[in-house]
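Heads up, the thing below is written out as structure tokens.
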Amino acid sequence: MKGALALALTMAPTFASADCKSDSAFFQAAIESRGYVIEAIGDVQEAGEACSLEGLAFTEENLAVDIAKMTWRLQGLDALTTGEGRLSFEATLTDLRLSPRTSDRWVSYMLAQQNRRNTIDATFSATWDLPTGVLVVETLDIDLPGDNRMTFDQRVSGATTALLTGNPAALEALSLDHMALTIKNRGFADSLILGPLIASLAEVPGAPETVIEGTKRDFRALVSNLPTDVFDADTKTALVRLIDAGPVPWGELTVQIVPNPTIALAPFFAAPLQNLTPDSVSTLFQGGKVEVTFEEDTGEE
């Protein structure tokens, strides 16, 4: 589900144009190239300086996605060709609905009915100052069904137009100035957590409860070995509290990366994650810190 939402969010800049009147065929091709089949799509309309599209539905074998309305505004497109100026992009998704599909038509019908009112709204805004190479995700705010939400913001330096060509050297120039993520989970993320977790542990012998407790014990040991210059005592305590609330933790989690003053990203791309040690983690963060808080929802079950 998260993948489908990310797809919908990233599609908008693919086809946004200066006058909003270009043929939507390019947009349809972009969706279909990712393995989706478009079942319905409205006409692109102009709305002042913004563009809008209503009635978009696309599917894959196991998932159906429909969006009641999308609006977006792209300004400063010429900056990509001149290397000067500022590019800005804003987008809003209204009533995005995800419905799992199965080979059983009645189960698919049931899932579609269950998700009729499980709609998602999302807003996104970003700016890219080409002369300075500063790329800022000002807002990514996803309002999920029920009392669930995710927000994200980030600032990156060293972003040149070479990124658009896929040039690996362009990635090496990137550095992180700021990142913050907040996840509020009261049920929506449970299936996203449990599915991969159970798939990875299904072959481990023993009762599920015993295996889960053993896994949580391993995670606590991992947290205790994290370098204290990157993960301080309060952050480690929050991580342990998150593990203890598992395997489906309800509550509000915040994660911030606080560079000092910035963190080059190239070493992260090259780091062999399976061989990381506390010292190598400290080296990767280059004096920066990871700050985590977790407030568990301990309401009635």
Side-chain angles (χ1 to χ4, degrees), residues 5-31 33-34 43-53 56 69-94 122-142 150-181 256-270 284-288:
L5 180 57
L7 170 68
L9 286 169
T10 56
M11 280 301 173
T14 302
F15 70 100
S17 61
D19 59 7
C20 304
K21 296 185 181 300
S22 59
D23 193 344
S24 63
F26 184 73
F27 175 41
Q28 297 179 51
I31 293 180
S33 70
R34 289 163 172 82
D43 295 328
V44 176
Q45 303 289 336
E46 291 187 16
E49 295 183 352
C51 311
S52 68
L53 183 153
L56 171 62
K69 186 175 182 180
M70 301 173 60
T71 62
W72 69 95
R73 182 172 63 175
L74 179 65
Q75 295 180 309
L77 191 60
D78 291 345
L80 293 179
T81 55
T82 65
E84 299 294 332
R86 184 171 178 266
L87 180 71
S88 66
F89 179 73
E90 301 172 5
T92 301
L93 301 182
T94 303
T123 58
F124 174 81
S125 66
T127 60
W128 187 2
D129 188 83
L130 273 296
T132 63
V134 174
L135 176 62
V136 180
V137 176
E138 297 168 336
T139 303
L140 173 58
D141 187 339
I142 304 173
M150 186 190 87
T151 61
F152 175 82
D153 62 272
Q154 184 181 59
R155 176 188 169 101
V156 174
S157 297
T160 69
T161 54
L163 286 170
L164 303 176
T165 67
N167 186 343
L171 295 176
E172 295 179 2
L174 294 178
S175 60
L176 180 69
D177 302 330
H178 166 78
M179 192 207 80
L181 170 70
Q256 290 194 73
I257 297 180
V258 185
N260 183 29
T262 190
I263 298 175
L265 295 178
F268 285 86
F269 301 142
L284 280 175
F285 279 89
Q286 305 153 47

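Residues take their numbers from the sequence shown, with the count starting at 1.
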First locate atom [atom1] of [X], then atom [atom2] of [Y], and finally report the distance between them rounded to the nearest 0.5 Å.
X	Y	atom1	atom2	result
T127	Q75	OG1	CD	11.5 Å
L93	W72	CG	CH2	10.5 Å
T123	E138	OG1	CD	11.0 Å
T71	Q45	OG1	CD	13.0 Å

Legend entry - All pairs passing salt bridge (Lys or Arg N to Asp or Glu O under 4.0 Å) where residues 127-137 contributes a residue, at least two apart: none

Considering only heavy atoms from C-beta outward, does the side chain of [X] approach that of [Y] to under 4.5 Å?
X	Y	answer
L87	L74	yes
H178	V136	no
L174	L163	yes
M179	V156	no

Legend entry - Qualifying residue, where the test is side-chain contact (heavy atoms from CB on, under 4.5 Å) with F152 and the options are L181, T139, I142, D141: L181

Legend entry - Main-chain N/O of L284 paired to Q286 side chain as donor or acceptor, under 3.5 Å: yes

Inset, instruction - Search all heavy atoms of E90 against all heavy atoms of S125 and return the closest pair with its distance. - result: CG-CB, 4.0 Å

Inset, instruction - Please name the pair of heavy atoms, one in G85 and one in P131, separated by the smallest distance, quoted to 0.1 Å. - result: O-CD, 3.2 Å

Legend entry - Partners meeting side-chain contact (heavy atoms from CB on, under 4.5 Å) with D177 (sequence neighbours left out): R155, S157, S175, T262

Legend entry - Working for side-chain contact (heavy atoms from CB on, under 4.5 Å), residues L135 and Q154: CA-CA 8 Å; L135 176 62; Q154 184 181 59; over 6 Å; no

Inset, instruction - Walk me through it: do F268 and I263 pass the test side-chain contact (heavy atoms from CB on, under 4.5 Å)? - result: CA-CA 10 Å; F268 285 86; I263 298 175; 3.5 Å; yes

Legend entry - Plane angle bin for F124 and F89 - parallel if under 30°, tilted between 30 and 60°, otherwise perpendicular: tilted

